[in-house]
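Report on the following structure.
Counting starts at 1 for both ligands and their atoms, following the listed order.
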Amino acid sequence: MYNQPMLPAQTFTSKVIIVTGGGTGLGKSMTRYFLELGATVIITSRKIEVLSKTAEELSAATGSTCIPIVCDVRDYDAVEHMLQSAIEKCGKVDMLVNNAAGNFISPTERLSHRAFDSVVDIVLKGTYNCTLACGKYWIENKLSASVLNIVTTYSWTGSGYVVPSACGKAGVLALTRSLAVEWGKYHIRLNAIAPGPFPTEGAWSRLVPPGMEDDFDMAKKNAVGRLGEHQELANLAAYLLSDFAAFMTGEVVVIDGAEWLKGAGEFNMLDKLPTQLWDMMELMRKERGERREERE
Ligand code: HXC
Ligand code: NAP
């Protein structure tokens with residue numbers, strides 16, 4: 001059930017959505033579903049060959065229009081140019097998904113300042129560049145709109161070994177909450193999704209240390225005991241972007257099988273206690289109670 005499409009087929013009829021990083025991974029999966037729901041989708045990233053291949057594949061598969069436009073989200077002028085071409089090609093833009101990201105694992109003291117910049121610039125600067133350019137356009141033209149930002153659960157817990165990403169994502173979460181309030185009066189909603197592990201080539205190739213795939217089995221880290229399926233993330237993304245979520249703004253929705261809570265709860269490691277030990281402790285507690293009753 002959870003890997004089935006969820007929303008009515010006409011949910012995004014006549015809507016135009018920009019998805020940054022839409023050529024690969026989760027961006028591609030969200031794009032596919034938005035197209036199935038009737039949207040026209042602009043996918044944007046640095047590699048035109050990747051974008052063009054995805055746009056062709058998804059347009060053919062869904063019968064909707066997917067348009068590739070190359071853009072490095074770190075460059076504000078390039079973002080404005082991408083937005084203008086999207087408006088020229090489609091007449092308007094209604095929604096934005098800030099999904100593009102950069103990440104790698106490293107002890108922080110080994111990073112150069114350029115390495116730090118490279119991740120923060122894609123994640124935070126890329127997100128505020130796209131949000132600012134689109135926001136100015138929506139406000140000036142009195143258009144209602146919706147933005148979805150893809151963050152992570154370590155946006156609020158922090159995480160060692162991915163510190164530039166944690167800093168960038170924390171900033172994106174602050175942007176989401178701040179602008180939801182400031183731009184509510186313009187009928188612009190902003191929400192975020194914090195995904196747990198959803199296998200993609202981009203993330204797995206950079207974040208799982210080679211040869212340690214078994215030790216890093218992400219499915220074992222959460223309460224549900226499996227990895228996320230792309231369709232269940234796409235369902236949530238489409239819902240939050242759409243008018244079905246008209247009263248939701250400034251929210252971050254976690255979809256991680258309780259992974260971060262499992263790491264946080266003080267006694268969650270008691271999962272490891274065998275049933276016999278619980279039985280024995282219960283027996284001891286009862287015996288202590290009986291002895292107390294005898295004494296009284
Ligand atoms: C240390 C590194 C490094 C690494 C690059 N650098 N990779 N430092 N460890 N693994 C350093 C370089 O030496 C250089 O510094 C600086 O970073 C810039 O490197 P470039 O290769 O020139 O950067 P660029 O071409 O802009 O590429 C950006 C990138 C790359 C972030 C480094 O990985 C990228 O393009 N990523 C995009 C896709 C991606 O990351 N997807 C995963 C998202 S997953 P010097 O000092 O040498 O000049 C995600 C999920 C989180 O976010 C949660 C999962 C559960
Ligand atoms: P991915 O396939 O590597 O996606 C990252 C995308 O960002 C790529 O398409 C890349 O395209 C684009 N990109 C990178 N730098 C860019 C730039 N400067 N300008 C424009 N586009 C740029 O990884 P993914 O796993 O699908 O990640 C998608 C999102 O989900 C990210 O925000 C990530 O942090 C988040 N997330 C993923 C997971 C997971 O388990 N997969 C978990 C939590 C959060 P180009 O290289 O062509 O530019």
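A donor-acceptor pair is defined here as one N or O able to donate and one able to accept, closer than 3.5 Å; no such pair exists between the side chain of H230 and the backbone of N3. For Y2 (side chain) and E229 (main-chain N/O), no donor-acceptor pair under 3.5 Å exists by modelled atom type. N191 contributes no side-chain N or O that, together with a main-chain N or O of L148, makes up a donor-acceptor pair within less than 3.5 Å.
Contact annotation: for T200 versus ligand 2, heavy atoms closer than 4.0 Å belong to the side chain alone.
Counting only non-hydrogen atoms, the option in L26, I150, I193 that gets closest to atom 26 (O) of ligand 2 is L26. Among G168, S118, A100, the residue whose heavy atom lies nearest to atom 22 (C) of ligand 2 is A100. Of the candidates V123, T152, D256, the one placing a heavy atom closest to atom 53 (C) of ligand 1 is T152. When the options M30, H230, K47, M218 are ranked by their closest heavy atom to atom 46 (O) of ligand 2, first place goes to K47.
The only member of T44, I48, V50 that meets side-chain contact (heavy atoms from CB on, under 4.5 Å) when paired with V70 is I48.
At least one heavy atom of Y154 sits under 4.0 Å from some atom of ligand 1. Ligand 1 is never approached by E201 to a heavy-atom distance shorter than 4.0 Å.
The CG atom of L96 sits 4.0 Å away from the CG atom of N98 when rounded to the nearest 0.5 Å.
Proximity to A203 (heavy-atom distance under 4.0 Å) selects the following atoms of ligand 2: 25 (O), 41 (N).
Atom 41 (N) of ligand 1 is flagged as protein-proximal [any protein heavy atom, distance under 4.0 Å]. Atom 36 (N) of ligand 1 lies below 4.0 Å from at least one non-hydrogen atom of the protein. For atom 47 (O) of ligand 1, no protein heavy-atom neighbour is present inside the 4.0 Å cut-off.
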